[in-house]
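Notes follow the structure.
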Amino acid sequence: MAIATGSLVAAPIDTSSALMSIEGTVEVSPVGTVAWQPAETGRVLTPGDRLRTGRRSRATVRLADLSVFRVNELSTLQILNQETKERKPMLDLKSGSSYFFSREKPADVQIRTPVMAGAIRGTEFNLTVDTNGESRLTLIDGEVVLTNDQGQLVLKSGEEGQAV
């Protein structure tokens with residue numbers, strides 16, 4: 001009988017996301033760069049990478065937790081990690097609109113826009129950020145807690161929140 005010796009090493013948590021589909025003009029700016037480059041299907045997005053879509057364009061991103069985030073035309077977002085042990089995804093939508101969907105266990109995803117932040121504990125929502133920063137979240141299913149300097153708002157399925 002052989003006895004194995006050695007030490008146990010914790011595997012790193014996979015925090016990468018991937019571009020699942022691209023329609024039209026979609027560009028990526030890798031973390032640490034300012035230049036934009038054409039994106040391709042299957043590209044791995046790591047925390048800090050930015051993504052933008054052109055007119056009549058969109059992209060679908062699968063996050064590390066297997067949830068899906070569709071980025072609509074004329075949108076810019078950055079994928080970040082929350083500074084927690086689980087390193088769950090944080091989506092920073094700077095402009096444009098997006099749709100989030102997950103049929104796994106309710107996702108615990110953080111979102112951020114120029115005028116609000118939100119903790120999503122749900123499975124489906126639309127998020128829009130106008131050019132002036134005005135942000136609107138329409139919750140289709142689940143729950144979200146929106147916060148900004150004016151306070152906090154808890155939304156349930158079928159409700160909408162807006163911040164200016």
Side-chain angles (χ1 to χ4, degrees), residues 10-23 26 28-29 31 39 41-53 57-164:
I13 296 171
D14 182 11
T15 58
S16 61
S17 302
L19 274 168
M20 301 305 294
S21 70
I22 293 173
E23 295 176 32
V26 178
V28 173
S29 177
V31 65
T41 302
R43 180 183 180 121
V44 173
L45 300 172
T46 57
D49 288 353
R50 294 178 299 150
L51 177 81
R52 74 177 175 189
T53 55
S57 302
R58 68 181 174 178
T60 304
V61 177
R62 187 198 70 229
L63 301 174
D65 69 354
L66 302 182
S67 54
V68 175
F69 197 69
R70 187 175 65 219
V71 184
N72 297 319
E73 72 172 336
L74 302 174
S75 297
T76 302
L77 77 90
Q78 186 171 25
I79 299 171
L80 304 172
N81 272 334
Q82 297 178 41
E83 295 304 317
T84 63
K85 188 168 117 180
E86 295 85 20
R87 311 265 313 158
K88 295 186 185 242
M90 176 183 279
L91 304 169
D92 186 358
L93 186 64
K94 300 182 184 304
S95 64
S97 66
S98 60
Y99 168 77
F100 176 88
F101 175 80
S102 176
R103 282 295 177 230
E104 300 298 318
K105 64 183 178 121
D108 189 9
V109 174
Q110 297 287 319
I111 54 134
R112 186 168 64 188
T113 74
V115 295
M116 72 178 183
I120 306 293
R121 289 177 186 80
T123 56
E124 197 170 3
F125 65 87
N126 287 302
L127 178 61
T128 303
V129 178
D130 293 333
T131 54
N132 65 356
E134 183 175 316
S135 302
R136 184 174 43 264
L137 187 138
T138 305
L139 188 62
I140 298 165
D141 188 29
E143 180 179 283
V144 63
V145 178
L146 297 177
T147 59
N148 68 10
D149 293 340
Q150 280 70 50
Q152 177 176 299
L153 177 65
V154 178
L155 300 177
K156 304 281 186 190
S157 298
E159 296 181 333
E160 183 175 272
Q162 185 172 349
V164 260

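- In this structure, L139 and F125 have side chains that are in contact, with non-hydrogen atoms separated by less than 4.5 Å.
- When side chains are defined from C-beta on, S98 counts as touching F69, because their heavy atoms get closer than 4.5 Å.
- Across all non-hydrogen atoms, the minimal contact from S97 to S75 is N-OG, 2.9 Å.
- You'll find the side chain of L51 stays beyond 4.5 Å of the side chain of T76, heavy atoms only.
- For the atom pair CE of M116 and CD of Q152, the computed distance is 13.0 Å after rounding to the nearest 0.5 Å.
- The structure places OG1 of T128 at 10.0 Å from CD of E134, a figure rounded to the nearest 0.5 Å.
- For the pair L91/R112, no side-chain contact is recorded, criterion being any heavy-atom separation below 4.5 Å from C-beta on.
- Of the residues V129, N126, I111, the one that meets the side chain to side chain contact (heavy atoms under 4.5 Å, CB included) test with L137 is I111.
- When every heavy atom of A163 is checked against every heavy atom of N148, the shortest pair comes out as CB-ND2, 3.7 Å.
- Going from atom CG of L146 over to atom CD of Q162 covers 11.0 Å, rounded to the nearest 0.5 Å.
- Minimum interatomic distance between T53 and A59 (heavy atoms only, all atoms of both residues): CG2-N, 4.1 Å.
- The distance from atom OG of S57 to atom CG of N72, rounded to the nearest 0.5 Å, is 10.5 Å.
- Under the 4.5 Å side-chain criterion, counting only non-hydrogen atoms from C-beta, D49 is not in contact with Q78.
- No side-chain heavy atom of T60 sits less than 4.5 Å from a side-chain heavy atom of R62.
- Side-chain contact between T113 and L127 is present, with at least one heavy-atom pair separated by less than 4.5 Å.
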- Message: Evaluate S29 against R50 for side-chain hydrogen bond (donor to acceptor under 3.5 Å, both in side chains), listing each step before the verdict.
- Response: CA-CA 5 Å; S29 177; R50 294 178 299 150; 2.8 Å; yes
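- With values rounded to the nearest 0.5 angstrom, L45 atom CG is found 9.0 Å from L63 atom CG.
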- Verdict with reasoning, T138 to E160, per side-chain hydrogen bond (donor to acceptor under 3.5 Å, both in side chains): CA-CA 4 Å; T138 305; E160 183 175 272; 2.6 Å; yes
- Item | Stepwise salt bridge (Lys or Arg N to Asp or Glu O under 4.0 Å) test for E143 and K156 | CA-CA 5 Å; E143 180 179 283; K156 304 281 186 190; 2.4 Å; yes
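- Minimum heavy-atom separation, S135 to P114: OG-CD, 4.5 Å.
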- Item | Trace of the side chain to side chain contact (heavy atoms under 4.5 Å, CB included) decision for F100 with S67 | CA-CA 8 Å; F100 176 88; S67 54; 3.4 Å; yes
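- Minimum heavy-atom separation, L19 to A39: CD1-CB, 3.6 Å.
- For the pair D92 and L77, the minimum side-chain heavy-atom distance is 4.5 Å or more.
- Ion pair R58/E23 flagged as a salt bridge, since at least one NZ, NE, NH1 or NH2 atom sits closer than 4.0 Å to an Asp/Glu carboxylate oxygen.
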